[in-house]
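Shown next, in structure tokens, is the structure this report addresses.
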There are 2 protein chains.
Amino acid sequence: MKQQTKISEAVVRRLPLYLQALNELSRGEVQTVSSQALGRKLDLNPAQIRKDLAYFGEFGRKGIGYDVSYLISKIRHILKLDRGINVALVGAGNLGQALCNYNRYSRDNMKIVAVFDDHPDKIGMQINTMRVQPMEELKATVEALQIRIGIITVPSAAAQKVADQLADAGIEGILNFAPAILKVPPSVRVHHADFTTELLSLAYYLEKDADHDDDKVVD
Amino acid sequence: MKQQTKISEAVVRRLPLYLQALNELSRGEVQTVSSQALGRKLDLNPAQIRKDLAYFGEFGRKGIGYDVSYLISKIRHILKLDRGINVALVGAGNLGQALCNYNRYSRDNMKIVAVFDDHPDKIGMQINTMRVQPMEELKATVEALQIRIGIITVPSAAAQKVADQLADAGIEGILNFAPAILKVPPSVRVHHADFTTELLSLAYYLEKDADHDDDKVVD
DNA sequence: TAGATTGTTAATCGATTAACAATC
DNA sequence: TAGATTGTTAATCGATTAACAATC
């Protein structure tokens, strides 16, 4: 592992994409893949893929390409998915429940192992094999189960408070579904998963409404 | 509206963020905001905010800043949210149901008005005020309700087929929650909302597991 | 007027892509 | 060997940030 250069976020964010495509190829019994083939599949420039991977080591063979299973194991290692990572979810509403049931992260060794909520109606509720716990139990459970990542699916107004509690419990990373900008200590990394941003920005690219011509169409 | 320059995706994707922060300020009865204040709130460079907005017009006043409600109305117009936009959702599983109930897009004039699924168990099911419809009814409903955006929440394996059907029905934009790369005609724009990417890339930034020292820590 | 803040140009920074020697 | 494809350097492209005149 070289790691001397700081690796940019853009690169890291592409690694799960590579993993996803490689897993698909692996299921299709494909042994070897070139950066060109992978690029076609993912709509990315082959040079970019090669450069991204080269930050972490020499995984390919000139004239041949990349061995699919070998590359999978390498990327899994880089993303620290070769060891199990426990996740806590806070906010047992519709979205939270959906994510708990989804649990397709298991293949990737990520697992939601505890669910928390503030509301008396929710506490004690059964989701999958988990019982919804009160927030008071957060810190103890995080320590007991060595939970390292927290998912926030509470309403926007409550998100900051939950983030504080997660940070206090010693969590290292937060995936935030609430449309709110969280302030956290530098030891905690926050990734944003609010899809409303994606949905609203999608609207920008719609054609100007054809029913009305009060906006002159000048291109 | 100037629009002669092609506006970059990065800029467009920040507009919903601005809108979100401005809405918050508006609820807090704030009349006016400077790019600096907004930048602090959103963790963005003030110059970037000014530049972004300047692509679309002169919305601020030198020495004063931006009028909050005026800027909200301008951004809503740019994002085409000043007219209602109807959305269809395909895939009435856990996640799909959660998104239907969520429906907090209403304030933003986006509304899920129809839900579709393939599975006999799901068809006819009631979600909110909507009845889950079979896929056969997709095209007719899209036309009847002037639906312009589709949300895909089906399993990965079915995503491409659904995308084809949405494109065929005349949808203009797709928000895809499935971890799959969709091939669509150029008339359709796809935005990706698969949070597993964000979750997995979060793992990269975790501290090396402190329990084991089989990896020498060389910084 | 003095202080604040915009809109915009120029400078910087970083990320993507092209090109190619090395080599399977 | 000839063809394919990597790893990597150099060139390009685009996005962010700094700086400042204009002006409220």
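Within every chain, numbering begins at 1; the chains are lettered A, B, ... in the order of the sequence lines, protein sequences first and strands thereafter. Owing to the predicted nature of the structure, the values given are computational and were not obtained by experimental measurement.
The side chain of B:Arg61 lies closest to D:dC24, out of D:dC24, C:dT6, C:dC24. Checking C:dT6, D:dG7, C:dT16 against every side-chain atom of B:Tyr66, the shortest atom distance belongs to C:dT6. Set against D:dT6, D:dT16, D:dT8, the side chain of B:Ala10 has D:dT16 as its closest nucleotide. Looking at the side chain of A:Lys62, the nearest of the listed nucleotides C:dA22, D:dA18, D:dC20 is C:dA22. With D:dT16, D:dA18, C:dG7 as the choices, the nucleotide that has an atom nearest any side-chain atom of B:Arg14 turns out to be D:dT16. Here the side chain of B:Ile64 is nearest to one of C:dA19, D:dC24, D:dA15, namely D:dC24. Set against C:dT6, C:dG7, D:dG7, the side chain of A:Glu58 has D:dG7 as its closest nucleotide. Here the nucleotide nearest the side chain of B:Arg50, chosen from D:dT5, C:dT17, D:dC20, is D:dC20.
C:dT5 atom C1' lies 17 Å from atom CZ of B:Phe59, rounded to whole Å. Per the geometry, CZ belonging to B:Arg13 stands 17 Å off P belonging to D:dG14, to the nearest Å. When rounded to the nearest whole Å, the span between CG of B:Asn45 and C1' of D:dA19 equals 12 Å. Between B:Tyr55 atom OH and C:dG7 atom P there is a gap of 14 Å when expressed in whole angstrom units. Between the CD atom of A:Glu9 and the C1' atom of C:dT16 there is a distance of 17 Å, rounded to whole Å. What separates CG of A:Leu53 from P of C:dT16 is a distance of 14 Å, to the nearest Å. Atom pair B:Lys51:NZ and C:dT12:C1' shows a separation of 13 Å (rounding to whole Å applied). Atom CD of B:Gln48 is separated from atom P of C:dT6 by 14 Å (rounded to the nearest Å).
There is a side-chain donor-acceptor pair under 3.5 Å between B:Asp164 and B:Gln160.
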(request) Decide yes or no on side-chain contact (heavy atoms from CB on, under 4.5 Å) for B:Leu53 and B:Ile75, but give the supporting numbers first. (result) CA-CA 9 Å; B:Leu53 296 174; B:Ile75 296 181; 4.2 Å; yes
(message) Apply side-chain contact (heavy atoms from CB on, under 4.5 Å) to residues A:Leu95 and B:Leu95 and explain how you reach the verdict.
(response) CA-CA 6 Å; A:Leu95 181 59; B:Leu95 181 59; 3.8 Å; yes
(request) Could you please spell out the steps behind the side-chain contact (heavy atoms from CB on, under 4.5 Å) verdict for A:Glu9 and B:Tyr205? (result) CA-CA 10 Å; A:Glu9 289 193 34; B:Tyr205 296 99; 3.6 Å; yes
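When both distances must be under 3.5 Å, the Watson-Crick or G-U wobble mate of D:dT9 is C:dA18. A 3.5 Å limit on both hydrogen-bonding distances identifies C:dA4 as the Watson-Crick or G-U partner of D:dT23.
Comparing A:Ser8 and B:Gly65 along DNA chain C, the residue whose closest nucleotide (by nearest heavy atom) sits nearer the 5' end is B:Gly65. Of the residues near DNA chain C, A:Asp52 and A:Gly63, the one whose nearest nucleotide (by heavy atom distance) lies more toward the 5' end is A:Asp52.
The CD1 atom of B:Ile181 lies 5.5 Å from the NE2 atom of B:His192; values are rounded to the nearest 0.5 Å.
Put simply, A:Ser35 has no side-chain N or O that comes within less than 4.0 Å of OP1 or OP2 on D:dT5.
Remark: of the listed residues A:Arg50, A:Gln48, A:Arg40, A:Arg50 is the sole one forming a side-chain hydrogen bond (donor to acceptor under 3.5 Å, both in side chains) with A:Ser35.
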